[in-house]
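Down below is the structure, laid out as structure tokens.
These numbers come from the heavy atoms of this one structure, side chains and all, not from hydrogens, waters or symmetry mates.
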Amino acid sequence: MDAPDERVMRLALEEARAAAAGGDVPVGAVIVRGDEILARQGNAREREQDPTAHAEILALRQASSAIGSWHLDGCAMVVTLEPCAMCAGAIVLARLDRLVFGASDPKAGFAGSLGDLVRDGRLNHEVDVTVGVLAEECGEILRSFFAERR
């Protein structure tokens, strides 16, 4: 496993914990360009009452603002949970080079589980994907969150 990916995933886990503390599903996303952190966000659907306020979408917005362009080539997103179809589509449209995620999402994931939007050769861009970085820790934060609500 790549040590820089693990280091950034730990930042994403911090964002996931902060999202959970605010009542949101604990998903965190970080966007980096080389060693530079461009964005750190957690889910905020409950806080913002916005169905699109997924950690990935918020991080894409923040990173685009930071560099002054929606073209995020040269950047990587590190996220605790496999992106859904909406987020996977946004990742492709932003032209991210890499996607790194921790836990797979067999019920909603679109980076290999239910579909593979980020690597669909029919689209104008394909994203390099690394799966399973700190997967157990990423999955446990989600399991604990939902167990507390049952």
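Contact of the I37 side chain with the V30 side chain is registered, since non-hydrogen atoms from C-beta on lie closer than 4.5 Å. Annotation: side chain of M77 is not in contact with side chain of R98 (no heavy-atom distance under 4.5 Å). Between F110 and P83 there is no side-chain heavy-atom pair separated by less than 4.5 Å. Side-chain atoms of D50 and R45, non-hydrogen and from C-beta on, never get closer than 4.5 Å to each other. Proximity of V25 to L142: side-chain heavy atoms (C-beta onward) are separated by under 4.5 Å at one or more points. In this structure, the side chains of L13 and L134 come closer than 4.5 Å at one or more pairs of heavy atoms. Side-chain contact between R95 and L72 is absent, with no heavy atoms from C-beta onward closer than 4.5 Å. A 4.5 Å side-chain heavy-atom check between I57 and R61 finds at least one atom pair inside the cut-off.
Looking at Q41, its side chain never comes within 3.5 Å of a backbone N or O of G28 through a donor-acceptor pair. No donor-acceptor pair closer than 3.5 Å links the side chain of E15 to the backbone N or O of A29. With hydrogens and angles disregarded, a donor-acceptor distance shorter than 3.5 Å links the side chain of H125 to the backbone of L96. Judged by distance alone, with hydrogens and angles left aside, the side-chain atoms of D24 form a donor-acceptor pair with the main-chain N or O of E46 at under 3.5 Å. The backbone N or O of H71 lies less than 3.5 Å from a partner atom in the side chain of S69, making a donor-acceptor pair. Using a distance-only test at 3.5 Å, with no hydrogens or angles considered, a donor-acceptor pair links the side chain of D105 to the main chain of K107. Under a 3.5 Å cut-off, the side chain of E56 and the backbone N or O of V79 do not form any donor-acceptor pair. Looking only at distances, a side-chain donor or acceptor of D97 sits under 3.5 Å from a matching main-chain atom of G74.
Tracing side-chain contacts under 4.5 Å through hydrophobic residues (I, L, V, M, F, W, Y), one never reaches W70 starting from I67; they form parts of separate clusters. One hydrophobic cluster holds both I31 and V131 under the rule that ILVMFWY side chains link at heavy-atom gaps under 4.5 Å. When hydrophobic clusters are built by joining Ile, Leu, Val, Met, Phe, Trp and Tyr residues whose side-chain heavy atoms come closer than 4.5 Å, directly or via intermediates, V118 is grouped together with L114. Linking ILVMFWY side-chain heavy atoms closer than 4.5 Å, directly or via other members, places V32 and L58 in two distinct hydrophobic clusters.
Between R7 and D35 there is no salt bridge, since none of the side-chain N atoms of the basic residue sits less than 4.0 Å from a carboxylate O of the acidic one. Here R119 does not pair with E126 in a salt bridge; the nearest charged N to carboxylate O distance is not below 4.0 Å. Ion pairing of E14 with R17 is absent here, as no side-chain N (NZ or NE/NH1/NH2) approaches a carboxylate O to less than 4.0 Å. Look at R143 and E136 and you find a salt bridge, because one of the NZ, NE, NH1 or NH2 atoms lies within 4.0 Å of a carboxylate O, short of that distance.
Residue L60 comes nearest to A94 through the heavy atom pair CD2-CB, 3.9 Å, listed as atom of the first residue, atom of the second, then distance. Residues G102 and A135 come closest through the heavy atom pair O-CB, 3.5 Å. Closest non-hydrogen pair, S104 versus F101, comes out as OG-CE1, 3.8 Å. Between L38 and C75, the closest heavy-atom pair is CD1-SG, 3.6 Å. Closest non-hydrogen pair, A55 versus V27, comes out as CB-O, 3.5 Å. Across V78 and A12, no two heavy atoms sit closer than the pair O-CB, 3.9 Å.
A cation-pi arrangement, defined by a distance under 6.0 Å to the six-membered ring centre and an angle within 45 degrees of its axis, is present between R149 and F145.
Under 3.5 Å, the side chains of S144 and E148 contain no donor-acceptor pair of N or O atoms.
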- Give the intermediate values and the outcome of side-chain contact (heavy atoms from CB on, under 4.5 Å) for residues V133 and V8. CA-CA 10 Å; V133 175; V8 177; over 6 Å; no

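Atom CZ of residue R40 and atom CG of residue L11 lie 4.5 Å apart, to the nearest 0.5 angstrom.
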